[in-house]
Amino acid sequence: LPWVQIWNHGFQGPGGWYIENSLTTLGKADPVSEYNTVLWNSGIEANKEIARKQKRRLSYVANILVISDAKRPENEGKVFLFKFGKKIFDKIKEKLEPQFEDEKPLNPFDFWKGANFKLKIRQVEGYRNYDKSEFDTPTPLFDGDDGKIEKIWKSEYSLKEFLDAKNFKSYDELKAKLNKVLGAGGVAGATAKKIVDEEAAAPSVGKATAESVTLEDDDMSYFEKLAAE
């Protein structure tokens, strides 16, 4: 795939900030995800709210070629690594798999049949907003000049580096960090036990469904489909 997806957590507790890559990126168990599942399955709304604040965040990284940059013209013609979120990815996904029958699928990353992406950033209620960003009409890069295209292709960065195990702490290291952030003395484990005990004492609390356990909209099935194709 021309991108990689990275899950991470970023939240603050009594013991400081927890900002770490999630092991779920590598398909492994992660202590924060496990803890959030316990909170969610408790059926207690206050615990669900904590889980929401601690949920995973998804970002993507891909190679881009800067075609035009009025503010930084020195970047034009160069390849960079670009980190982006769900808003921009949804626009890419919409081109790959259009919702309407009269729209043809388009791979924006294709050198010959792809399309330039117009990145338009606005400030909406104090936050960056990319809703106005859009793809241009499909055209071959460099008018199809294979020599120039090959040069750009060879200048791309490897994305495998982002999925290297060295960029992720071990399960035990993350669990220790989580306990420190939530409070000294292993609060995560103690809280989880307390929740289980409360649930046992109050059987009227509804069990979470399989669907509700999933705290994020995970695009893994979509990635697996693309990989299979």
Side-chain angles (χ1 to χ4, degrees), residues 1 3-62 81-89 126-128 158-224:
L1 295 176
W3 64 78
V4 291
Q5 65 166 11
I6 303 171
W7 292 100
N8 62 36
H9 292 278
F11 57 88
Q12 188 177 22
W17 279 93
Y18 185 98
I19 303 176
E20 300 288 347
N21 286 335
S22 171
L23 287 172
T24 58
T25 301
L26 306 179
K28 299 180 179 180
D30 184 89
V32 179
S33 291
E34 292 177 346
Y35 179 47
N36 282 346
T37 298
V38 172
L39 290 171
W40 191 268
N41 287 349
S42 71
I44 302 171
E45 189 57 36
N47 290 334
K48 288 185 177 183
E49 185 59 29
I50 295 174
R52 291 188 186 100
K53 292 179 179 179
Q54 297 176 170
K55 71 178 183 179
R56 300 180 303 173
R57 299 177 302 183
L58 179 60
S59 61
Y60 305 85
V61 179
L81 286 170
F82 181 53
K83 185 178 181 179
F84 54 96
K86 186 176 184 300
K87 281 279 187 179
I88 292 179
F89 180 77
Y127 294 92
R128 281 192 169 194
S158 172
L159 300 178
K160 293 181 179 180
E161 177 73 18
F162 290 93
L163 302 180
D164 193 304
K166 69 181 182 182
N167 295 319
F168 298 81
K169 292 181 179 178
S170 69
Y171 181 93
D172 289 341
E173 289 174 318
L174 292 176
K175 188 172 183 179
K177 177 71 174 291
L178 176 62
N179 284 332
K180 178 181 179 182
V181 168
L182 296 181
V187 173
T191 304
K193 184 178 184 300
K194 180 181 178 182
I195 290 172
V196 173
D197 290 343
E198 287 178 349
E199 187 177 31
S204 60
V205 176
K207 297 286 187 178
T209 64
E211 290 78 15
S212 69
V213 171
T214 303
L215 304 183
E216 303 83 17
D217 292 328
D218 196 337
D219 288 310
M220 281 308 298
S221 60
Y222 173 70
F223 290 120
E224 290 169 356

Over all atoms of both residues, closest heavy-atom pair of [X] and [Y]:
X      : Y      : result
His9   : Asn36  : CE1-ND2, 4.3 Å
Trp17  : Gly10  : CZ3-C, 4.5 Å
Ser22  : Phe168 : O-CE2, 3.4 Å
Val181 : Gln12  : CG1-C, 4.4 Å
Ala51  : Trp40  : CB-CE3, 4.3 Å
Pro31  : Leu178 : O-CD2, 4.0 Å

- Drop me the distance from Asn47's CG to Tyr35's OH, to the nearest 0.5 angstrom.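 Separation between the atoms: 7.5 Å.
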- Hey, what do you get for CD1 (Ile44) to CD (Glu49), rounding to the nearest 0.5 Å?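 It comes to 14.0 Å.
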Show, in sequence, the C-alpha distance, side-chain angles and deciding distance for Lys86 and Leu58, and conclude whether the side-chain contact (heavy atoms from CB on, under 4.5 Å) test is met. CA-CA 7 Å; Lys86 186 176 184 300; Leu58 179 60; over 6 Å; no
- Set of side chain to side chain contact (heavy atoms under 4.5 Å, CB included) partners for Asp164, sequence neighbours left out: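 Applying side chain to side chain contact (heavy atoms under 4.5 Å, CB included) to Asp164 gives Lys166, Asn167.
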Holding to side chain to side chain contact (heavy atoms under 4.5 Å, CB included), I want the full list of residues that pass it with Leu163, two or more places apart in sequence or in another chain.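 Leu163: side chain to side chain contact (heavy atoms under 4.5 Å, CB included) contacts with Val4, Thr25, Leu26.
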Taking the side chain from Thr24 and the backbone from Gly27, do they hold a donor-acceptor pair closer than 3.5 Å?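 Answer holds: no.
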Any sub-3.5 Å donor-acceptor pair from Asn8's side-chain atoms to Ile19's backbone N or O?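 Flag not set: sc Asn8 to bb Ile19 has no pair under 3.5 Å.
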| Listed by chain and number, what are the salt bridge (charged side-chain N to carboxylate O under 4.0 Å, His left out) partners of Lys53, not counting sequence neighbours? |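 For Lys53 there are no salt bridge (charged side-chain N to carboxylate O under 4.0 Å, His left out) partners, ignoring immediate neighbours.
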Measure the shortest side-chain to side-chain distance between [X] and [Y] over non-hydrogen atoms and say whether it is less than 4.5 angstrom.
X      : Y      : answer
Val61  : Ile6   : yes
Leu39  : Gln54  : yes
Leu81  : Phe162 : yes
Tyr171 : Leu23  : yes

Requested in this report: Output every pair passing salt bridge (charged side-chain N to carboxylate O under 4.0 Å, His left out) with a member in residues 8-25, not counting sequence neighbours, ordered by first then second residue.
Outcome: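 Listed by first then second residue: Glu20-Lys169, Glu20-Lys177.
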Margin query: Under the salt bridge (charged side-chain N to carboxylate O under 4.0 Å, His left out) definition, can you give me all pairs with a residue in residues 23-46, not counting sequence neighbours?
Written below: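 Qualifying pairs: Glu45-Arg52.
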### side-chain hydrogen bond (donor to acceptor under 3.5 Å, both in side chains) partners of Asn21, counting only residues at least two apart
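Here no residue qualifies.
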Problem - Set of residues satisfying side-chain hydrogen bond (donor to acceptor under 3.5 Å, both in side chains) with respect to Ser59, sequence neighbours excluded - result: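 Ser59 satisfies side-chain hydrogen bond (donor to acceptor under 3.5 Å, both in side chains) with no other residue.
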Would you call the rings of Phe89 and Trp3 parallel, tilted or perpendicular, taking 30° and 60° as the class edges?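 Because their plane-to-plane angle is over 60°, the rings of Phe89 and Trp3 count as perpendicular.
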- Message: If only side-chain N and O atoms count, and only distance matters, is there a donor-acceptor pair under 3.5 Å linking Glu161 with Ser158?
- Response: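 Short answer, no.
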*Which residues pass the ring pair (Phe, Tyr, Trp, His ring centres under 6.0 Å) test with Tyr18, sequence neighbours left out?*
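Tyr18 satisfies ring pair (Phe, Tyr, Trp, His ring centres under 6.0 Å) with Phe11 only.
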